[in-house]
Amino acid sequence: MNEVLVLVEHTRGDIKKVSLELLAMAAHLGTPSAVVVGEGADSTVSSLGEHGAATVYVCADANMTKHVVAPVAELLAQLVSEKSPVAVLIPSSIDGKEIAGRLAIATNSGVITDAVAVAADGTATQNVFGGATIVHSKVTSGTPIITVRPNSIAPVVSNAAGTRVDVDITLSAVAKSTSVVSSVAVQKSGRPDLSEASIVVSGGRGVGGEEGFGTVIEPLADALGAAVGASRAATDAGWYPHQFQVGQTGKTVSPQLYVANGISGAIQHRAGMQTSKTVVVVNKDPEAPIFDLADFGVVGDLHSVVPALTTAINNRK
């Protein structure tokens, strides 16, 4: 069986959308098998089966999430040794990329990060150098380990068997050498998660201040059912929390629709959103570099254009 392991990211059983996307991608390579660990793992089995997982490897041991990253890498290394999968797909999050690196070392395998597509023969597509270059890469040593950006493929409901297999592991001293001593819950706004949202509405320096986000950007986002993003200039100025920064030093997003308002388009920001499927730009400067990426552009004052757009959308609803 050409088994493909997919590491599932979840929060107490609430599965991240990118994990369901990876199950759909894994089906192009072989037979998808999900790997889920930690508190709430038990409650994910049914949903993972509905989205294509033929097998769901479950390690509900609380110790897996009491330590930082390494236990998950060790569990995956054990499964790679036992199951000899054709590939391992991991969400391209901060933790996911560290897990991939550790797993590659443990299994003497090649690793590819930030893929946006994976072909049936294992060839991965990446957008590198801030999206300026498209690269096709293939692992030639060991088990291909690939991290994949969110929104690279749509989840698919395929109703596979979803057979549960419980997995035990004895963690090494190294894996237990660091511990999570506290965690802080991110305040939820009711909007989609920025990294996984299919629509993102972002604001930059042109928004003019914190009030502009509350009165202009957020209403448009809510009308579209979108996440809110911000440029580095806006977050550095304290207009919006840093957790919503889009860019090379913030979040990398790849939504179906990206609406950039008052954002000049510095390379730092472009690196974080350049793979968006459709880009709409509102900016009063017709020479702003962000227009180079625009599928649709409006040269105008965002404080007039965006509220008018929001009203039109709400009227159509």
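What you see below is based on every heavy atom in this structure, not just the backbone, and it leaves out hydrogens, waters and symmetry mates.
- Once rounded to the nearest 0.5 Å, the distance linking OG of Ser47 with CG of Leu20 reads 5.5 Å.
- Under the 4.5 Å side-chain criterion, counting only non-hydrogen atoms from C-beta, Leu293 is in contact with Met273.
- Separation of atoms CG (Asp222) and CD1 (Ile313) is listed at 11.0 Å; rounding is to 0.5 Å.
- Checked by atom type, the side-chain pair Thr31/Glu3 shows no donor-acceptor distance below 3.5 Å.
- Taken to the nearest 0.5 Å, the CG atom of Leu220 stands 5.0 Å off from the CG atom of Leu309.
- Between Gln243 and Leu194, the shortest heavy-atom contact is O-CD2, 4.1 Å.
- Counting only heavy atoms from C-beta outward, the side chains of Gln78 and Val167 approach each other to under 4.5 Å.
- Judged by distance alone, with hydrogens and angles left aside, the side-chain atoms of Ser172 form a donor-acceptor pair with the main-chain N or O of Ala175 at under 3.5 Å.
- Between Pro155 and Lys17 the shortest heavy-atom distance is CG-CG, 4.1 Å.
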Notebook entry, point to check: side chain to side chain donor-acceptor pair (under 3.5 Å) between Ser92 and Asp114: does it pass, once the steps are laid out?
Noted result: CA-CA 6 Å; Ser92 205; Asp114 287 331; 2.4 Å; yes
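- Hydrophobic cluster membership differs between Val139 and Val116, with clusters built from Ile, Leu, Val, Met, Phe, Trp and Tyr side chains linked at under 4.5 angstrom.
- In plain terms, the two heavy atoms of Pro289 and Ser264 that are nearest each other are CD-O, 3.0 Å.
- Within the 4.5 Å cutoff, the side chain of Gln245 has no heavy atoms near those of the Lys251 side chain.
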Next item on the list: Evaluate side chain to side chain contact (heavy atoms under 4.5 Å, CB included) for Ile112 paired with Ile145, printing each intermediate quantity in order.
Entry: CA-CA 6 Å; Ile112 296 171; Ile145 298 164; over 6 Å; no
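- In this structure, Asp301 and Ser304 have side chains that are in contact, with non-hydrogen atoms separated by less than 4.5 Å.
- No more than 12 heavy atoms of other residues, nucleotides or ligands shown are found within 6.0 angstrom of CD on Glu211.
- Connection of Ile153 to Val156 is not established within any shared hydrophobic cluster, with ILVMFWY side chains joined at heavy-atom distances below 4.5 Å, either directly or through further cluster members.
- Looking only at side-chain heavy atoms (C-beta outward), Leu76 and Arg102 stay at 4.5 Å or farther from each other.
- Expressed to the nearest 0.5 Å, how far OG of Ser19 lies from NZ of Lys16 amounts to 9.0 Å.
- Considering NE2 of His242 and CZ of Arg232, their distance stands at 8.5 Å, rounded to 0.5 Å.
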Margin query: Go through it in stages, so that I can follow the logic: the residues are Val165 and Val58, the test is side chain to side chain contact (heavy atoms under 4.5 Å, CB included), and I'd like the CA-CA distance, side-chain angles, deciding distance and then a yes or no.
Written below: CA-CA 6 Å; Val165 176; Val58 177; over 6 Å; no
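- A side-chain donor-acceptor contact under 3.5 Å links Ser158 to the backbone of Gly52.
- Put simply, Phe244 and Ile94 are part of two different groups of oily side chains (I, L, V, M, F, W, Y) that touch within less than 4.5 Å, one to the next.
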Notebook entry, point to check: So Lys284 and Leu302, side chain to side chain contact (heavy atoms under 4.5 Å, CB included) or not? Walk me through it.
Noted result: CA-CA 7 Å; Lys284 64 182 180 181; Leu302 70 87; over 6 Å; no
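- For Asn108, the CG atom is loosely surrounded, since the number of other residues' heavy atoms within 6.0 Å does not exceed 12.
- Shortest non-hydrogen contact noted between Pro286 and Phe291 is O-CD1, 3.8 Å.
- Panel note: side chain Ser33, backbone Val4; no donor-acceptor pair is recorded below 3.5 Å.
- A side chain to side chain contact (heavy atoms under 4.5 Å, CB included) with Leu257 is found for one member of Thr278, Asp295, Val279 and no other, namely Thr278.
- Under the 4.5 Å side-chain heavy-atom criterion for ILVMFWY residues, a single connected hydrophobic cluster contains both Phe296 and Val298.
- Listed here is the closest heavy atom pair of Thr107 and Ser109: OG1-OG, 2.9 Å.
- Residue pairs that meet the salt bridge (charged side-chain N to carboxylate O under 4.0 Å, His left out) test with at least one member in residues 52-80, sequence neighbours left out, do not exist here.
- Surrounding CG of Asp121 are more than 12 heavy atoms belonging to other residues, nucleotides or ligands, all under 6.0 Å away.
- Between the side chain of Asn314 and the main chain of Thr310, a donor-acceptor pair closer than 3.5 Å is present.
- Judged purely by distance below 3.5 Å, without hydrogens or angles, the side chains of Gln268 and Thr249 pair a donor atom with an acceptor atom.
- With hydrogens and angles disregarded, no donor-acceptor distance shorter than 3.5 Å links the side chain of Asn151 to the backbone of Val253.
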Next item on the list: Check the pair Glu82, Tyr57 against side chain to side chain donor-acceptor pair (under 3.5 Å), reporting the backbone distance first and the verdict last.
Entry: CA-CA 12 Å; Glu82 294 174 354; Tyr57 297 107; over 6 Å; no
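- Leu75 places a side-chain heavy atom less than 4.5 Å from the side chain of Met64.
- Looking at every heavy atom in both residues, Gly206 comes nearest to His303 through O-NE2, 3.5 Å.
- Shown here is Arg164, whose CZ atom has more than 12 heavy atoms of other residues, nucleotides or ligands within 6.0 Å.
- The closest donor-acceptor contact from the side chain of Lys83 to the backbone of Leu5 lies at 3.5 Å or more, if one exists at all.
- How far CG of Leu103 is from CD of Glu98: 12.5 Å, rounded to the nearest 0.5 Å.
- Using a 4.5 Å cut-off between side-chain heavy atoms of Ile, Leu, Val, Met, Phe, Trp and Tyr, with links allowed through other members, Val174 and Ile169 fall into different hydrophobic clusters.
- Looking at Thr123, its side chain never comes within 3.5 Å of a backbone N or O of Ala119 through a donor-acceptor pair.
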Next item on the list: Go through the steps for His269 and Val246 under the test side chain to side chain contact (heavy atoms under 4.5 Å, CB included), then give the verdict.
Entry: CA-CA 6 Å; His269 184 79; Val246 174; 3.8 Å; yes
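- When atom types are taken as modelled, the side chain of Thr311 and the backbone of Pro307 share a donor-acceptor pair closer than 3.5 angstrom.
- Between the side chains of Glu9 and Ser93, a donor-acceptor pair is found at a separation under 3.5 Å.
- By the 30° and 60° cut-offs, the orientation of the rings of Phe213 relative to Trp239 is tilted.
- Two residues are said to be in side-chain contact when any heavy atoms from C-beta on lie closer than 4.5 Å; Ser137 and Gln126 meet this criterion.
- Gln274 and Tyr258 form no side-chain donor-acceptor contact under 3.5 Å, judged by distance and modelled atom types alone.
- Lys277 and Ser254 are linked by a side-chain donor-acceptor pair at a separation below 3.5 angstrom, with hydrogens and angles left out of the test.
- Residues Thr125 and His136 bring a donor and an acceptor atom of their side chains to less than 3.5 Å of each other.
- For the pair Asn261 and Val216, the minimum side-chain heavy-atom distance is 4.5 Å or more.
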